[in-house]
Peer 1: 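What follows is a structure written as structure tokens; I'll ask about it next.
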Amino acid sequence: MLKSHSCGELRDEHIGDVVTLAGWVDRRRDHGGLIFIDLRDREGIVQVAFDPEKSASSHEVAGDLRNEYVVKIIGEVVRRPSGTENSRLPTGQIEITAREVSILNPSKTPPFYINEETDVDESLRLKYRYLDLRRPRMKANILFRHKTVKFIRDFLDAAGFIEVETPILIKSTPEGARDYLVPSRIHPGEFYALPQSPQQLKQLLMVAGLEKYYQIARCFRDEDTRADRQPEFTQLDLEMSFIDEEDILVLFEELFTSLVETLKPGTRVKRPFPRIGYADAMDRYGSDKPDLRFGMEIKDLSDIVAQSDFSIFRNTVADSGRVKGICAPGCAHYSRRQLDELNRLAQDFGAGGLVTIALGDSTGKLDDLTMAMVKSTAAKYLTIDEIKRMASSLQAGLGDLLLIVAAAPDLVNTVLGRLRQELGNRLGLADPDALSFAYIVGFPLLRKDNASGQWTSEHHPFTAPWPEDIPLLDTAPAKVRGRHYDMVCNGYEIGGGSLRIYTSELQKKVFRLLGYTDEEITERFGHMLEAFEFGAPPHGGIALGIDRIVMLMVGAETIREVIAFPKNQAAMDLTMNAPSPVTEEQLSDLHISLREE
RNA sequence: GGCCCCGUGGUGUAGCGGCCUAACAUGCCACCCUGUCACGGUGGAGAUCGCGGGUUCAAAUCCCGCCGGGGUCGCCA
């Protein structure tokens, strides 16, 4: 090693030691006669003093140092003179008196600040990601991610799980997300696919008798990116044999509770994690991944306004739509402009419009509300009794603003759900120091595809139906519930899993329901069906987005902040400039010719 | 593919029809400075305001198109 200690570890007890340090110049303070530099390595920062009376040659070299130069310094750890201690640095009681310094490598002036927390254009950060990662916040994120994964591995190891690697080059299946394809040189015209998840392989590991498997698995999906979605991402993938739902849900509740307690003490986590039915979540929060850090629940007002003079409400209910609302606390004072914006949001979300009812400026009891205090474009069509009943249903008081949407049942929920989340964010209702975990259960097994009218899996085709619903597969597929569970936190879906089908017969039945011919079933899934005929144990599992949970724990806005080398929105790696063209020779080896577009 | 937001010295911002020969902070360069720690002081260099077109007597500023970036809907078994 070029160094005897790391910069950040030095303390009082090292006083008197002669140490060799190596790192980067974080900052230089040149007093002419006396020069200080803050020397930075992975573990922290320590001040080095260059005194010409102690070492003239070192002082001379120090004059040439600039930010981000890489240097090696030999010097003595000394107590700082009284009154010059720096309590903001862990090493602030001591400093290094330089005896020798050598420049291991100079540095160009960086394109952005390393030693200051300012927002920098993200493209520039990604181009120079190796510099971005030197910055304290990114360094802390990457370190936190390491600790998270290490905790998970230790926890699962102690619980009897074994980590197994599964292949990255696997078989393409057209269902699900778009695959990343890898052409085969040896088999002209044939392709591998990168795994969207190790789903089938982990089930086969259960057939293999591993009983408890996990993997920190890289997954690939060729779909558009989002703040919480990347073309490649990392899952904690897990599968167990001889279990029911309870085993997985309890295991993960314990895992995540202890993870947060260990790595983020002080974070509020509620136990047990609530379990909410899918239909219930949609009715109350308008989302299957509700942010439960605040209430603002959606209430059904249809009965109150079914006979109203307000024709939009009355007609919607008569046409088997619903009228529902939420209460924005303390927002009765909203200006015309703010209300217009909410209305526009509601329209962007797919509603015809939004009815707002402001319940007076003052605070007080709902009983005191008079028509004169109400501000609403619908006021002249509504009675004070109707308004009071709606407000009461929404647990609103004077000074609150009611947001009401009339639309088809599913649409009304999703529109209000998104308004709820938007208002929750704007009003700061969500506790930033809380991680509000919950399980969503009772998903339908199947869903009608809008375009084709074909049944598709809500989760994936290996999800087992609830045993009592199996007969409905023949009569009413829409009513079949899957043994599927999602794990949500603060408005994000952070994981999902299910108990699996483990008999060939039931699996075939589901494939047929999904519209596959027997030939297609054999071609695509024959290996699974055959495996199930060799004593497959009952099994189930879960997969959890590592990027998202780390993002939530460090309070980042995007998962790019917790990935060392993420892709941008256009799925490009700006550090290495990928993707990029390849040579004609490479294409030729792969038996590929490019199409004219 | 749709919608929304953003492009001004290296970096981050201000300016939103004439006062712009583009301001501020920081960074950079030079000199001065022996107890600073976002050190301080003096001086200096650095931007045809993303690109193209249009409106106007006059455009960083208004309009249109394009390019780049971000958010989101679709998409994500």
Side-chain angles (χ1 to χ4, degrees), chain A residues 26-39 45-54 59 63 66-68 78 80-89 91-92 95 97 108-128 131 173-179 195-197 199-200 219-231 233 341 344-345 347-350 414 418 421-422 445-447 449-451 454-463 482 484 493 496 498 510-511 514 516 524-525 543 545 557-558 560 568-570 572 574:
Chain A
D26 195 62
R27 221 181 271 278
R28 182 176 64 112
R29 290 179 292 280
D30 187 343
H31 290 234
L34 192 63
I35 297 174
F36 299 99
I37 67 163
D38 290 337
L39 186 66
I45 283 177
V46 70
Q47 174 167 279
V48 182
F50 296 85
D51 186 335
E53 291 169 15
K54 303 267 172 53
H59 181 266
R66 294 294 182 272
N67 284 356
E68 302 309 313
V78 300
R80 289 196 186 193
S82 178
T84 66
E85 301 89 352
N86 184 350
S87 59
R88 292 168 58 192
L89 277 181
T91 59
E95 67 186 13
T97 301
K108 300 209 293 193
T109 301
F112 49 81
Y113 305 108
I114 309 297
N115 53 17
E116 211 172 292
E117 288 289 322
T118 51
D119 281 338
V120 179
D121 177 75
E122 199 172 351
S123 301
L124 196 67
R125 291 176 57 199
L126 291 175
K127 179 179 177 187
Y128 297 101
L131 298 179
T173 51
E175 48 282 323
R178 202 174 289 112
D179 278 326
Q196 296 177 27
S197 84
Q199 180 62 35
Q200 295 184 39
C219 304
F220 306 86
R221 294 179 189 173
D222 187 3
E223 299 290 352
D224 287 351
T225 59
R226 290 287 184 278
D228 63 348
R229 269 168 37 190
Q230 284 269 299
F233 59 101
E341 203 208 336
R344 214 198 62 156
L345 268 179
Q347 289 179 357
D348 286 349
F349 296 158
T414 54
R418 293 173 65 181
Q421 189 68 50
E422 180 66 30
L445 184 71
L446 304 164
R447 165 171 54 83
D449 183 77
N450 288 331
Q454 177 64 53
W455 290 108
T456 59
S457 296
E458 176 71 31
H459 182 41
H460 59 55
F462 308 108
T463 302
H484 171 62
E493 180 196 328
S498 63
V510 169
F511 281 139
L514 295 173
Y516 294 111
R524 289 179 198 166
F525 303 107
E557 298 287 327
T558 85
R560 297 189 298 276
N568 71 359
Q569 190 171 60
M572 294 186 295
L574 297 181

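No experiment lies behind these values; they were computed from the predicted model shown. Sequence lines set the chain letters: A, B, ... in the order given, protein chains first and strands last, and positions in each chain run from 1.
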Peer 1: Give one of base, sugar-phosphate or nothing for Thr173(A), where a contact means two heavy atoms less than 4.0 Å apart.
Peer 2: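 No contact.
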
Peer 1: Rounding to a whole Å, what distance do you find between Phe220(A):CZ and rC76(B):C1'?
Peer 2: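 Atom CZ in Phe220(A) sits about 16 Å away from atom C1' in rC76(B).
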
Peer 1: Using the C1' atom as the reference point in each nucleotide, state the distance between rU13(B) and rG7(B) in Å, no decimals.
Peer 2: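 It comes out at 13 Å once rounded to the nearest Å.
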
Peer 1: Less than 4.5 Å apart, any side-chain heavy atom of Pro231(A) and any of Thr225(A)?
Peer 2: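 Yes, close enough: below the 4.5 Å cut-off.
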
Peer 1: In this structure, how many angstroms lie between the P atom of rC76(B) and the NE2 atom of His460(A), rounded?
Peer 2: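 It is 15 Å, rounded to the nearest whole Å.
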
Peer 1: Could you tell me the separation between the CD1 atom of Ile35(A) and the P atom of rC33(B), rounded to a whole number of Å?
Peer 2: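 Between P of rC33(B) and CD1 of Ile35(A): 12 Å.
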
Peer 1: Side-chain donor-acceptor pairs under 3.5 Å in residues 115-123 of chain A, sequence neighbours left out?
Peer 2:
residue: Asn115(A); atom: ND2; partner: Asp26(A); partner atom: O; Å: 2.8
residue: Glu117(A); atom: OE1; partner: Arg137(A); partner atom: NE; Å: 3.1
residue: Glu117(A); atom: OE2; partner: Arg137(A); partner atom: N; Å: 3.4
residue: Asp121(A); atom: OD2; partner: Ser123(A); partner atom: N; Å: 3.2
residue: Asp121(A); atom: OD2; partner: Leu124(A); partner atom: N; Å: 3.3
residue: Glu122(A); atom: OE1; partner: Arg560(A); partner atom: NH2; Å: 3.1
residue: Glu122(A); atom: OE2; partner: Arg560(A); partner atom: NE; Å: 2.5

Peer 1: So, does His59(A) use its side chain to make a donor-acceptor pair with the main chain of Gly33(A) at under 3.5 Å?
Peer 2: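 Judged by distance alone, yes, a pair lies under 3.5 Å.
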
Peer 1: Side-chain contact, heavy-atom cut-off 4.5 Å: Ile114(A) with Asn67(A)?
Peer 2: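 Of all side-chain heavy-atom pairs linking Asn67(A) with Ile114(A), none is under 4.5 Å.
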
Peer 1: Looking only at atom types and distance, does a side-chain atom of Glu85(A) sit under 3.5 Å from a main-chain N or O of Gly83(A), one as donor and one as acceptor?
Peer 2: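 Pair found, side chain donor or acceptor close to backbone of Gly83(A).
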
Peer 1: Could you check Val48(A), Ile45(A), Thr91(A) and say which one makes a side chain to side chain contact (heavy atoms under 4.5 Å, CB included) with Leu39(A)?
Peer 2: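 When side chain to side chain contact (heavy atoms under 4.5 Å, CB included) is applied between Leu39(A) and each of Val48(A), Ile45(A), Thr91(A), only Val48(A) qualifies.
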
Peer 1: Using Watson-Crick or G-U wobble geometry with both distances below 3.5 Å, tell me the partner of rU61(B), or none.
Peer 2: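 The answer is none; no pair meets the criterion.
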
Peer 1: Any strand counts, and the cut-off is 3.5 Å on both contacts for Watson-Crick or G-U wobble. Which nucleotide pairs with rA23(B)?
Peer 2: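 Check on rA23(B): paired to rU13(B), both distances under 3.5 Å.
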
Peer 1: Using the C1' atom in both, what is the distance from rG52(B) to rG15(B), to the nearest Å?
Peer 2: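 So the two C1' atoms sit 24 Å from each other.
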
Peer 1: Counting Watson-Crick and G-U wobble pairs only, both distances under 3.5 Å, name the nucleotide matched with rG68(B), or none.
Peer 2: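 Because both required distances fall under 3.5 Å, rG68(B) counts as paired with rC6(B).
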
Peer 1: In chain order, what residues pass the ring pair (Phe, Tyr, Trp, His ring centres under 6.0 Å) check against Tyr516(A), with sequence neighbours excluded?
Peer 2: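 Once residues adjacent in sequence are excluded, the partners of Tyr516(A) under the ring pair (Phe, Tyr, Trp, His ring centres under 6.0 Å) criterion are Phe511(A), Phe525(A).
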
Peer 1: Check salt bridge (Lys or Arg N to Asp or Glu O under 4.0 Å) between Arg29(A) and all other residues, then give those that pass, not counting sequence neighbours.
Peer 2: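 Arg29(A) satisfies salt bridge (Lys or Arg N to Asp or Glu O under 4.0 Å) with Asp38(A) only.
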
Peer 1: Could you measure between the two C1' atoms, the one in rU48(B) and the one in rU8(B), and give it in whole Å?
Peer 2: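 Straight-line distance between the two C1' atoms is 12 Å.
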
Peer 1: Is there a donor-acceptor pair under 3.5 Å between the side chain of Arg80(A) and the backbone N or O of Gly92(A)?
Peer 2: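 Yes: the side chain of Arg80(A) pairs with the backbone of Gly92(A).
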
Peer 1: Give every pair of a protein N or O atom and an N or O atom of nucleotides 37-44 of chain B that lie under 3.5 Å apart, one pair per line with the distance.
Peer 2:
residue: rC37(B); atom: O4'; partner: Arg29(A); partner atom: NE; Å: 3.0
residue: rC37(B); atom: O2'; partner: Arg29(A); partner atom: NH1; Å: 3.4
residue: rC37(B); atom: O2; partner: Gln47(A); partner atom: OE1; Å: 3.3
residue: rC37(B); atom: O2; partner: Asn86(A); partner atom: ND2; Å: 3.2
residue: rC37(B); atom: N3; partner: Arg80(A); partner atom: NH1; Å: 2.6
residue: rC37(B); atom: N4; partner: Arg80(A); partner atom: NH1; Å: 3.2
residue: rC37(B); atom: N4; partner: Thr84(A); partner atom: O; Å: 2.2
residue: rA38(B); atom: OP1; partner: Arg88(A); partner atom: NH1; Å: 3.3
residue: rA38(B); atom: OP2; partner: Arg88(A); partner atom: NH1; Å: 3.1
residue: rC39(B); atom: OP2; partner: Arg27(A); partner atom: NE; Å: 3.4
residue: rC39(B); atom: OP2; partner: Arg29(A); partner atom: NH1; Å: 2.9
residue: rC39(B); atom: N4; partner: Asp30(A); partner atom: O; Å: 2.3

Peer 1: If you assign Pro461(A) and Val120(A) each to the RNA chain B nucleotide with the nearest heavy atom, which residue ends up on the more 5' nucleotide?
Peer 2: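 The residue closer to the strand's 5' end, by nearest nucleotide, is Val120(A).
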
Peer 1: Any side-chain to backbone donor/acceptor pair from Ser197(A) onto Cys219(A)? Under 3.5 Å, distance only.
Peer 2: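 Looks like no, no N/O pair under 3.5 Å.
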
Peer 1: For atom C1', what is the distance between rC20(B) and rC24(B), given to the nearest Å?
Peer 2: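 Nearest-Å result for rC20(B) against rC24(B) at atom C1': 14 Å.
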
Peer 1: All N/O contacts under 3.5 Å from nucleotides 6-10 of chain B to the protein, with atom names and distances to one decimal?
Peer 2:
residue: rG10(B); atom: O2'; partner: Pro111(A); partner atom: O; Å: 3.1
residue: rG10(B); atom: N2; partner: Tyr113(A); partner atom: OH; Å: 2.9

Peer 1: What is the distance, rounded to the nearest whole Å, between atom CG of Asn115(A) and atom C1' of rU11(B)?
Peer 2: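 Distance, rounded to whole Å: 12 Å.
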
Peer 1: Roughly how far apart, to the nearest Å, are rC5(B) and rG65(B) at atom P?
Peer 2: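 Approximately 14 Å lies between the P atom of rC5(B) and that of rG65(B).
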
Peer 1: If the C1' atom of rC16(B) is compared with that of rA60(B), how far apart are they to the nearest Å?
Peer 2: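 Those two atoms are separated by 8 Å.
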
Peer 1: Under 4.0 Å between any heavy atoms, over every strand shown, what does Gln196(A) touch: base, sugar-phosphate, or nothing? Just pick one.
Peer 2: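 No contact at all - Gln196(A) keeps every heavy atom at 4.0 Å or more from the nucleic acid.
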
Peer 1: Roughly how many Å apart are rU42(B) and rA47(B), using the C1' atom of each and rounding to a whole number?
Peer 2: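 Rounded to whole Å, the distance is 25 Å.
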
Peer 1: When you compare rU61(B) with rG9(B), how far apart are their P atoms, in angstrom units rounded to a whole number?
Peer 2: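 It works out to 15 Å between them.
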
Peer 1: Does Arg447(A) or Arg66(A) map to a spot on RNA chain B nearer the 5' end, using the closest nucleotide for each?
Peer 2: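 Taking each residue's closest nucleotide, the earlier one in sequence belongs to Arg66(A).
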
Peer 1: Given atom CD of Gln347(A) and atom P of rC4(B), what is their separation to the nearest angstrom?
Peer 2: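 Atom CD in Gln347(A) sits about 13 Å away from atom P in rC4(B).
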
Peer 1: Counting C-beta onward and ignoring hydrogens, is there a side-chain heavy-atom pair between Leu446(A) and Leu514(A) closer than 4.5 Å?
Peer 2: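 Result yes, sub-4.5 Å side-chain heavy-atom pair found.
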
Peer 1: Regarding Gln199(A) and His460(A), do their side chains bring together a donor and an acceptor under 3.5 Å, going by distance alone?
Peer 2: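 Yes, His460(A) and Gln199(A) have a side-chain donor paired with an acceptor closer than 3.5 Å.
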
Peer 1: With the sugar-phosphate defined as primed atoms, P, OP1 and OP2, and the base as all remaining atoms, what B/S/- string results for nucleotides 69-75 of chain B, 5' to 3', for protein heavy atoms under 4.0 Å?
Peer 2: SBBBBBB

Peer 1: Taking the side chain as every heavy atom from C-beta outward, state whether His31(A) and Phe36(A) have any pair of such atoms under 4.5 Å apart.
Peer 2: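 Yes, at least one pair of side-chain atoms sits under 4.5 Å.
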
Peer 1: With sugar-phosphate meaning primed atoms plus P, OP1 and OP2, does Gln200(A) contact a base, only sugar-phosphate, or nothing at under 4.0 Å between heavy atoms?
Peer 2: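 Nothing: the residue Gln200(A), judged by heavy atoms under 4.0 Å, touches no strand.
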
